[in-house]
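What follows is a set of notes on a single structure, which appears directly below.
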2 protein chains.
Amino acid sequence: MALGIGYADQTCNLARALEVLGERWTMLILRDCFYGVRRFSDLLAHLDISRAVLTERLNTLVEAGIVERRAEGGHPVYLLTEAGTATWPSLYALARWGERFGPPERRSGRTFRHWGCDAELDDHGRCPECGATPGPADVVTHPGPARAGDRTDPVSVALRSPHRLLTSVPA
Amino acid sequence: MALGIGYADQTCNLARALEVLGERWTMLILRDCFYGVRRFSDLLAHLDISRAVLTERLNTLVEAGIVERRAEGGHPVYLLTEAGTATWPSLYALARWGERFGPPERRSGRTFRHWGCDAELDDHGRCPECGATPGPADVVTHPGPARAGDRTDPVSVALRSPHRLLTSVPA
DNA sequence: TGGTTCAGTCTGATGACCAGACAATAATCG
DNA sequence: CGATTATTGTCTGGTCATCAGACTGAACCA
């Protein structure tokens with residue numbers, strides 16, 4: 001989490017999670033990883049983050065074992081590890097909260113549905129159709145309605161169609 | 001979230017949640033609110049946060065409708081609103097993740113149990129005994145084992161005994 | 001009245017983040 | 001093969017958040 005001392009004196013699992021996940025941009029980077037964004041340049045364009053900070057966050061995530069850096073045809077590719085995919089319930093819960101209680105402007109309308117059932121997941125990430133609580137690999141995200149001023153980077157464009165989580169995007 | 005621009009261009013419910021909840025210290029303040037910490041001085045002592053930052057965070061949380069400031073006998077008291085208590089699934093999921101994958105030192109061993117059933121909640125916050133997913137008011141937290149160097153502020157001391165969430169602490 | 005607690009505000013120092021320039025390596029094309 | 005472009009970073013100077021700790025003002029207590 002940086003800024004000096006972290007949460008050094010907090011003997012608490014939440015503080016331990018936030019020590020890694022709570023830094024600025026980190027959860028949004030993970031969100032993009034779930035969406036299937038894998039390349040430095042795509043993260044950069046989709047997040048509007050500074051290069052230096054993106055580099056630093058990715059290094060931190062790799063060191064923490066949340067993301068794996070793999071060389072693929074010369075250029076690196078970033079993939080979620082088991083610890084990374086295990087952050088899904090946290091991100092999903094936060095997004096749900098943001099939908100109901102976040103600042104009212106910029107409501108996205110994006111939904112998450114169970115692969116196969118096509119039913120929208122509830123507050124706890126459960127499929128109302130079959131009762132299962134699917135992992136991210138079995139979740140499909142559907143975009144909300146288009147709006148003026150939508151982003152035009154390749155990732156944003158690709159995510160205007162329904163997309164199964166963890167499968168590569170764009171292309 | 002501050003530091004200049006927020007996540008202004010991210011049309012995304014997660015970004016909207018993090019705009020408020022993602023600032024440094026904010027989720028730990030909310031954790032303490034769930035524990036029942038209600039006074040400025042108790043938050044200050046329990047969190048080791050600077051006075052200026054605590055003041056600013058509380059103001060932000062009040063403005064966002066997540067926490068309510070109520071004058072009680074001259075001194076203010078801070079209580080979770082409906083939007084505040086609705087953050088419980090997010091905090092619980094993060095704490096669960098921190099327990100499994102966070103930095104290995106400072107593992108707390110603290111558990112969360114269903115009031116009445118006394119069964120430990122699972123990854124999704126569900127009670128394995130009765131199948132319900134209790135809200136925070138029906139959750140009891142049990143401390144992990146004591147350790148050398150445990151904090152000695154009143155809140156930390158009080159939380160060494162089992163404690164029902166949202167009930168006042170200390171005393 | 002004078003001391004104590006509490007809830008903030010204020011200050012100077014440190015460091016994280018920003019935009020944008022620069023560098024190094026890898027793919028592409030004539 | 002050599003030149004161009006694409007991609008992944010590193011570096012820099014300025015801005016702003018956070019830090020520790022001193023200070024203020026109001027309420028409560030003896």
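The chains referred to below are lettered A, B, ... by the order of the sequence lines, with proteins before strands, and numbering in each begins at 1.
Residue D48(B) contributes atom CG, which lies 10 Å from atom P of dC19(D) at whole-angstrom precision. Computed from coordinates, the L43(B) CG to dA7(C) C1' distance equals 12 Å when rounded to whole Å. What separates CZ of R24(B) from C1' of dC16(D) is a distance of 15 Å, to the nearest Å. With rounding to whole Å, D153(B) atom CG is found 17 Å from dC6(C) atom C1'. Atom-to-atom, CD1 of I49(A) to P of dC18(C) comes out at 7 Å; the value is rounded to the nearest Å. Rounded to whole Å, atom P of dG25(D) lies 17 Å from atom CZ of F40(B). Rounded to a whole Å, the CZ atom of R69(B) is 18 Å from the P atom of dC6(C). Between the CG atom of L54(B) and the C1' atom of dC10(C) there is a distance of 16 Å, given to the nearest Å.
Going from atom CZ of R57(A) over to atom CH2 of W25(A) covers 10.0 Å, rounded to the nearest 0.5 Å.
For T55(B), taking side-chain heavy atoms from C-beta onward, the closest of the listed nucleotides dT9(C), dA7(C), dC18(C) is dT9(C). Side-chain proximity of E56(A) to the nucleotides dT8(D), dC17(C), dT18(D) is greatest for dC17(C). Distance from the side chain of R39(A) is smallest for dT7(D) among the nucleotides dC19(D), dT7(D), dG9(D). Distances were taken from every side-chain heavy atom of W25(B) (C-beta onward) to each of dT18(D), dC17(C), dT10(D); the shortest belongs to dT18(D). Nearest nucleotide to the side chain of Y78(B), out of dG8(C), dT7(D), dC19(D): dG8(C).
Partners of R100(A) according to the salt bridge (charged side-chain N to carboxylate O under 4.0 Å, His left out) rule, which considers only residues two or more places apart in sequence or in another chain, are E82(B). With sequence neighbours excluded, the residues forming a ring pair (Phe, Tyr, Trp, His ring centres under 6.0 Å) with F101(A) are W97(A), listed by chain and number. Among residues two or more places apart in sequence or in another chain, the ring pair (Phe, Tyr, Trp, His ring centres under 6.0 Å) test is passed with W88(A) by F34(A), Y92(A), F112(A).
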Report, one line per pair, each donor and acceptor closer than 3.5 Å where one atom sits in a side chain of residues 35-43 of chain B; sequence neighbours left out.
| from | atom 1 | to | atom 2 | distance (Å) |
| --- | --- | --- | --- | --- |
| R38(B) | NH2 | L166(B) | O | 2.9 |

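Classification of R160(B) and D150(B) as a salt-bridged pair holds, one side-chain N sitting under 4.0 Å from a carboxylate O.
Ranked by how close their nearest DNA chain C nucleotide is to the 5' end, R57(A) and S41(B) are led by S41(B).
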Check your understanding: Where along nucleotides 20-30 of chain C does protein come under 4.0 Å, by heavy atom, of base (B) or sugar-phosphate alone (S), with - for untouched nucleotides?
Key -> -B----SS---
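Residues in residues 126-144 of chain B take part in these side-chain hydrogen bond (donor to acceptor under 3.5 Å, both in side chains) pairs, two or more places apart or across chains: R110(B)-T141(B), D138(B)-R164(B).
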